[in-house]
There are 2 protein chains.
Amino acid sequence: MITNKKKSKKERITSQKKIILGYLKSAKTHPSAEIVFKEVRKKLPRISLGTIYRILKNLKEKGEILEIPSDISRYDGNISAHSHFFCQSCGKIFDVFDKAPILKVGKLKVGKIKSYQVYFYGKCKNC
Amino acid sequence: MITNKKKSKKERITSQKKIILGYLKSAKTHPSAEIVFKEVRKKLPRISLGTIYRILKNLKEKGEILEIPSDISRYDGNISAHSHFFCQSCGKIFDVFDKAPILKVGKLKVGKIKSYQVYFYGKCKNC
DNA sequence: GTGCCTGCAAACATTTTGCAAAAAC
DNA sequence: GTTTTTGCAAAATGTTTGCAGGCAC
């Protein structure tokens, strides 16, 4: 007899997770994994880049942070409704709260929408 | 005296460029560089992956194709106004012509918008 | 013929993974 | 004590690049 005993593995709260999430929530920039590594290492000097990647992936899957895909992924601890502006001159990413289209999240012909993202591209004020 | 003699290098039309662009214009999927390589190699057996990447970058910069960033970049030969739906179950990308928000492209507080993209995430009809 | 473009292979950057030791519970 | 997580290093992946020969013009 095969019992479908699901070994529900319990997730643990570690200082690494707390500090990475805390850093992302406070960061106003949209740091890459490498930047998160450099910053978090100030508090946890022995942390490794592999751990950074593992925790970022974990937080993303739980929906606590956002991944902004690009040639180098960047991360956003602000999960409230807003969009992003990429400056094509300096490469910086800015938050956009105005003009963020609030779309009715629902059904499309192709499937059911769970979330969406809007990205703007252009030239920022400083460039 | 420094003369700003700009050596305007003239771009050449090669069979590689024509065939890659032709393939992307006809493709209904959103192929990765690897897929483009496999498909284009049917017509040009000696083409290399490096050339694929170089030409994709070139076409993107000229605005003839679109790059859809992700862990693996994918390319779209259709540059008319539409958005994309990512199925989080099967990984497929679908074109979305309905519900694509037509935003007034103009100025934001942070800078001037040149273009924008909308990405939907969810579960497709088949999954 | 000149100069841009390609094929090839090596280099590069980012991200993932296997494993033993450490930490959380 | 058990099980998850970490640090470390090595591997895997996707993409870029240098160079000599080839091709477009």
Side-chain angles (χ1 to χ4, degrees), chain A residues 5-24 29-62 64-76 86 91 93, chain B residues 5-24 29-62 64-76 86 91 93:
Chain A
K5 196 177 285 181
K6 205 177 287 177
K7 190 179 284 183
S8 66
K9 71 165 146 181
K10 232 174 290 177
E11 190 178 330
R12 287 175 189 178
I13 298 164
T14 63
S15 56
Q16 287 87 339
K17 282 181 196 169
K18 282 187 284 187
I19 290 174
I20 289 176
L21 184 57
Y23 166 64
L24 282 174
T29 58
H30 302 79
S32 63
E34 193 72 42
I35 304 278
V36 174
F37 178 49
K38 285 206 184 94
E39 287 302 316
V40 167
R41 204 156 48 163
K42 290 177 186 169
K43 289 189 178 171
L44 296 170
R46 298 190 52 75
I47 200 169
S48 74
L49 192 50
T51 299
I52 301 285
Y53 276 106
R54 266 185 295 232
I55 291 177
L56 287 174
K57 187 180 226 177
N58 173 267
L59 292 171
K60 184 184 72 173
E61 283 165 358
K62 290 190 292 182
E64 300 192 44
I65 65 170
L66 217 67
E67 181 178 2
I68 302 173
S70 167
D71 54 330
I72 301 170
S73 274
R74 299 176 61 171
Y75 298 88
D76 193 345
F86 289 73
I93 299 177
Chain B
K5 195 177 285 181
K6 205 177 287 177
K7 190 179 286 181
S8 65
K9 71 166 145 182
K10 232 174 290 175
E11 189 178 330
R12 289 179 184 172
I13 298 164
T14 62
S15 55
Q16 286 87 341
K17 281 180 195 169
K18 282 187 284 187
I19 289 175
I20 289 175
L21 183 57
Y23 167 64
L24 283 174
T29 57
H30 301 80
S32 62
E34 194 70 43
I35 305 278
V36 174
F37 179 49
K38 286 206 184 95
E39 288 300 316
V40 167
R41 203 157 47 162
K42 291 176 185 169
K43 289 187 178 172
L44 296 169
R46 297 190 53 74
I47 200 169
S48 74
L49 193 50
T51 299
I52 301 285
Y53 277 105
R54 265 185 295 231
I55 292 179
L56 288 174
K57 188 180 226 179
N58 172 266
L59 291 172
K60 185 184 72 172
E61 283 164 0
K62 290 190 292 182
E64 301 193 43
I65 64 170
L66 217 68
E67 180 179 2
I68 302 173
S70 167
D71 54 330
I72 302 171
S73 273
R74 299 175 63 171
Y75 298 87
D76 193 345
F86 289 73
I93 299 177

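Numbers restart at 1 for each chain; the letters A, B, ... are given by sequence-line order, proteins then strands.
Atom-to-atom, CD of Glu67(B) to P of dG14(D) comes out at 14 Å; the value is rounded to the nearest Å. We find that CD1 of Ile52(A) is positioned 15 Å from P of dT14(C), with the value rounded to whole Å. The CG atom of Asn58(A) sits 12 Å away from the C1' atom of dT4(D) (whole-angstrom rounding). In this structure, CG of Asp71(B) is placed 12 Å from P of dT13(D), rounded to the nearest angstrom. Here dA24(C) presents its C1' atom at 15 Å from NZ of Lys9(A), a figure rounded to the nearest Å. Spacing between atom CG of Leu56(A) and atom P of dT5(D) amounts to 15 Å, rounded to whole angstrom units.
In this structure, CZ on Arg41(B) lies 15.5 Å from NZ on Lys43(B), to the nearest 0.5 angstrom. With values rounded to the nearest 0.5 angstrom, Ile55(A) atom CD1 is found 5.5 Å from Gln16(A) atom CD. With rounding to the nearest 0.5 angstrom, the OG1 atom of Thr51(A) is 10.5 Å from the CG atom of Leu56(A).
Under the side chain to side chain donor-acceptor pair (under 3.5 Å) criterion, Glu34(A) pairs with no residue, sequence neighbours left out. Residues passing the side chain to side chain donor-acceptor pair (under 3.5 Å) test with Ser73(A) are Glu67(A), sequence neighbours excluded. In this structure, the ring pair (Phe, Tyr, Trp, His ring centres under 6.0 Å) partners of Phe86(A), at least two apart in sequence or on a different chain, are Tyr119(A), Tyr121(A).
Counting all heavy atoms, side chain and backbone alike, Glu11(B) lies closest to Lys17(B) at OE2-NZ, 3.1 Å. Of all heavy-atom pairs spanning Pro31(B) and Leu24(B), the tightest one is CG-CD2, 3.7 Å. Residue Ser32(B) comes nearest to Ile72(B) through the heavy atom pair CB-CG2, 3.8 Å, listed as atom of the first residue, atom of the second, then distance.
For the contact set between residues 10-19 of chain A and DNA chain C, defined by any heavy atom under 4.0 Å, the members are Arg12(A), Ile13(A). A heavy atom closer than 4.0 Å to some atom of DNA chain C occurs in Arg46(B), Ile47(B), Ser48(B), these being the qualifying members of residues 30-49 of chain B.
Other residues, nucleotides and ligands contribute over 12 non-hydrogen atoms within 6.0 Å of the NZ atom of Lys62(A).
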Under 3.5 Å, which N/O atoms of the protein pair with N/O atoms of nucleotides 17-22 of chain C?
{"residue": "dG18(C)", "atom": "O6", "partner": "Arg54(A)", "partner atom": "NH1", "Å": "3.3"}

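Residues Ile20(A) and Ile65(A) have side chains not in contact (no heavy-atom distance under 4.5 Å, counting atoms from C-beta outward).
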